Structure formats: C-alpha cells, structure tokens
Amino acid sequence: MASAVESRGFINNVLETVGRRTSSVFVEIGAVLIFLGQTLRWTVSPPFYWKSALKQMEMIGVDSVPVVLTTALSTGMVLALQSYTGFKRFGAETLIGTVVSLSMTRELGPVLTGLMVAGRAGASMAAELGTMRVTEQIDALSTLATNPMKYLVVPRFVASTVMMFFLTVLGMITGIAGGYFVGVKVLGTNPVTYIDNSINYTEVKDIWFGLIKALVFGAVVGLIGCYKGFNTEGGAEGVGKATTGAVVVSCMLILILDYFISALLW
Amino acid sequence: MIEVIDVHKSFGELQVLRGVNLSVEKGESMTVIGGSGSGKSVLLKHIIGLLFPDKGRVIVDGQSLNDLDEYGLNELRKKFGMLFQMAALFDSLTVWENVGFSLKQHTNLSDEEIRKIATEKLALVGLKDVEDKMPAELSGGMKKRVGLARAICMDAAIILYDEPTTGLDPIAADAINDLIVDLRKKLGVTSVTITHDMHSAYKISDRIAMLYKGEILEIGTPDQIRDTKNPIVHQFITGSAVGPITAE
Ligand SMILES: Nc1ncnc2c1ncn2[C@@H]1O[C@H](COP(=O)(O)OP(=O)(O)OP(=O)(O)O)[C@@H](O)[C@H]1O
Ligand SMILES: [Mg+2]
C-alpha cells in the first residue's frame, strides 16, 4: 500500500518534471526565435559595424582553418579507404571518387565544418558575451546609448554566417583532395576514372545544397552563441554553463536541421 | 528632472523595492545611502532604464521611461553618464577607447581628438599615462576612476554614480568628491550618487535619502540627516552595530 502511494508520488514527480522541462523548452525556443527576429532587424538597419564584423570574421574564420582542414582531410581519406573495402567486394572501386565527392559536398563538408566551428567559435562567443553580461559591460553599452544587439550580436552573427560558407568550401575541397590521395596514390585506382566518376556524378546542385546548409549552420552557431552569452546569469559558473550550452545546442540544431534541409532539398 | 514614483521591483521571491518615491531637481546632487543589498544599485538602474519597475514609473525630463521605445530610450540615455559599481569597463578596448567610447559612437571626431579629450578626462580623475593600457592591467581603484572618466566624457546633463569613492585611498577619494562638486557647480550637472562613505555624502550632496526595506525612509539636507531623530537613520550614519538595524 505504502509502496503504491510512493510510486504514484514518484510517477507524478516524473511527469511533473517532464512537463516543466518540455514547457521550458518551448519557452526557450520562443525566446531564441525572438532573438533571431531582433538580430535580423538590427542587421538590416544602419549603422553596420564593419570593423567589428571584420575582426570577428578573422577570429571565427581564419582561426578555424586548421581544425577544419584536419577534420576534412581525415574524413576524406577515411571515406576513400572504407568505401574501397566495401566496393571492392563487388568490383566497384572506381566509384570511390563519386562517394567521396558526393558525401563531402552534400553532407560531411557542411556538417563537420559546422560542428567544428560550433565547438570553437560558438563557445568563444558565448564565453565572451557571457562575461560581458555578468560584469555589466552589456549594461554599460546601453547606458552609452549604443545598442548591444547591434554592436555585439550583429557582427558575430554576420561573420559566423559568412565564414561558415568559406570554411565549408575549404572543407569540401580538402576532403575531396584527401579522398583522391588515398584512392589514387595509396590504393592505386585509375586517376582518370576517379576524376571522371567524381565530376560526372556530382552536380552543381550538390555543391549548392552543401553551401546552403553551411549558411544555415553558420547562422545557427552565431545565433546560439550570442543568445547563450547574452542570457548568462550567475557569475563565472553561469559563463561556463552558457558556453557548454551554446556548443551542445548548436551541435544538436545542426544535426536536426541537417536532416530537414536534406529532406527538403532533394 | 528625475521622478521615481511608487516603484516596486522583485526578483523572483525577493522584493527589493517596495514603493520608492524620489524626486531630484535639475542641478541637484542627490545621494542615496542604505545597507548593502538594500537595492540602491537596482534603484539607479531603474533611473536609466536598464531595469523596469514591476509597478510604478520613472520620469526623466518629462518622459516616462515605460512609454519610450528603443529609439526614444537610446536618445534619452545620451543625456546620461553612468559609473557602475564594478566599473564595467570594456575589457577588449584600451583605457582611452573606453573613456572616449560615446564620442566614437555619437560624434564625428577623429581618433586623435577623442584621445585628447579622453586624456583630459583621465587627468580630471587623477590618472595619467594609462591611455594605452588594457583594463585588466589596472588596479581596482584605477578602474573605478576610468569608469568615472567614461561617465563624464560626454558632458552629460545627468550623472549616476554608483559608489564613486569605494576602493580609493582617502586622498584620491576626496579628489573625486571635489570633482563631483565641481561638475555640479560649473556645468550644472544633476546627479544621483550611491555611497557608503558618509564623509563623501555630506560633502557632495544637496540632499541625502536613505533607502531601507525597499522604501525611502528619510530624506533631507546633510544637516537634517546628521541631526536625524530617526533611530534607524542615526544608527546607519554613525555606523554602529548596536541599534534597531541588526546585521542579518
Ligand atoms: N539582476 C538581478 N537578478 C536577481 N537579483 C538581483 C538582481 N540585481 C539585484 N538583485 C538583488 O537585489 C538586491 C539588491 O541589490 P543591489 O545591487 O541593488 O544592492 P545594493 O544596495 O546596491 O548593495 P551594495 O551596497 O552591496 O552594492 C540584492 O539582494 C540582489 O541580490
Ligand atoms: Mg550596489
């Protein structure tokens, strides 16, 4: 009897917690969308802080090059190696090039670049803005009659969107080059067929799909990094939470959106 | 110039302001005193529209802050300078860029001119040769003074000082008191100052208001406050641990 009451209490507690979490997720989604709306509105209304945007592009873009190169190169090479093992079983080794270039352009280029930039730039945006929030620097901006959304968020949002595009291009090229190296130089498939198969079966459309994804992922990383930083509370601990939160949420969003964009742009 | 009318503010369960009424005349120097955590900084943030009341209104220069849109609020803030309790310097900018921030944003002055003005303002608060340092390289008292220089850089009509002398040595502190008095006398600045330093409060204020349990408990000229009949105010200004206020 006692245990039945207890377990009912337990179930109620679980349901209540789940309910509260779910509704707070919806509240948060709403808040992010409002934040996005404000960001877009401030992006199109002058003045635009060029210098600040360029500095962010340098920080997000240039500094992310090594990690994007490494990831893409390794992925392209592994992809070639693994698909060779599979394809050889039914004598289709010449299709490695197709697999590598299709996966790098449509899928792995944008997604891997997105995840890497989220971990690097998204985290640092959240940490920087979070620190500015808890030390009242964001309030100080407002008192100096400067809109913090415009001064801090817009340059980061724009820089992250633009740089993700270029980093993804770089990622695609590096991955394909890595695949070629392994496929042709290491595994010894015919270079002419490799290139033919890569080019003939990859359409311009595939590249565009990948780049559209890149733009969306770039916007996600900038938006979530800034949102988390802006809404930081609770000192150094809060900054830590905001930073982790920014990385986790943007990575999840990238993976979720990746499916939907892939499903839409067929 | 500034009217705070029946302002209530809570953070979750915590009721910080419970009906604050305060009016500051043009050119007046008003000082707010009160215990730590009594809501003085929160009150100051309501005056410049960083926080908004749950109930009640703040009127500055005839405009109710509640009714202003983002643009209007921004325009109104150009009349203000504010010194934050923890200085809140931008740590990615040098000292002179911090001080001249508003000039850079709101005027067409060249960097050299801004730097020159910033240097002058820094001299007013007793700092020299710090223009090119980063905030992280400064001591607490120096940060406070850079924050002060930033607050007065645009020759604002209203200046809000959150503990301008805290963390300064007595001589630097008194120089700041003189500066605040000067700004009022020469430029007719209206100011609201928060302080725990009664010496400074007596020196710079036209009137002193004591915030206690979310309301203004007593308000009067420095002489009136010194001769207060209210045991709570008396205990506070004499800094005694014995009396109606108990440390919580
Ligand atoms: N943004 C906020 N969120 C939640 N609580 C807050 C916030 N700002 C202030 N408080 C709370 O409001 C109360 C008053 O804070 P406030 O900073 O105004 O105190 P104060 O009078 O300035 O104290 P001190 O003299 O120590 O600076 C404190 O209990 C503080 O914890
Ligand atoms: Mg305070």
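So you know, we letter chains A, B, ... as the sequences are listed, proteins then strands, and number each from 1. Treat the numbers as computed from the prediction; the structure is a model and nothing was measured.
Both the backbone and the side chain of A:L141 come within contact range of chain B, each with at least one heavy atom under 4.5 Å from a heavy atom of that chain. Neither the backbone nor the side chain of B:L73 comes within less than 4.5 Å of any heavy atom in chain A.
Other residues, nucleotides and ligands contribute over 12 non-hydrogen atoms within 6.0 Å of the CD atom of B:E75. When the shell of 6.0 Å around CD of B:E120 is examined, it contains more than 12 heavy atoms from other residues, nucleotides or ligands. For A:K241, the NZ atom sits in a loose shell: 12 or fewer heavy atoms of surrounding residues, nucleotides or ligands are nearer than 6.0 Å. Within 6.0 Å of the CE atom in B:M86, the count of heavy atoms belonging to other residues, nucleotides or ligands does not exceed 12. Crowding of A:N13 atom CG: a count of heavy atoms from other residues, nucleotides or ligands under 6.0 Å exceeding 12. No more than 12 heavy atoms of other residues, nucleotides or ligands lie within 6.0 Å of CZ in B:R57, so this atom counts as exposed by the packing criterion.
Using a 4.5 Å cut-off on side-chain heavy atoms (C-beta onward), B:K45 and A:E136 make contact. Proximity of A:T135 to B:F84: side-chain heavy atoms (C-beta onward) are nowhere separated by under 4.5 Å.
Here the two rings, on B:F101 and A:Y151, have centers that are under 6.0 Å apart.
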**Request:** Show the numbers, then the answer: is there a side chain to side chain contact (heavy atoms under 4.5 Å, CB included) between B:E70 and A:N147?
**Result:** CA-CA 9 Å; B:E70 255 160 311; A:N147 185 299; 3.8 Å; yes
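Contact record, A:T146 with B:H106: OG1-NE2, 4.0 Å, taken as the closest heavy-atom pair. Taking both residues in full, the closest heavy atoms of B:R150 and A:A140 are given as NH2-CB, 3.5 Å, listed atom of the first, atom of the second, then distance.
Atom CD1 of residue B:I47 and atom OG1 of residue A:T143 lie 13.5 Å apart, to the nearest 0.5 angstrom.
Counting only distance, with no hydrogens or angles, the side chain of B:Q105 and the backbone of A:A145 share no donor-acceptor pair below 3.5 Å.
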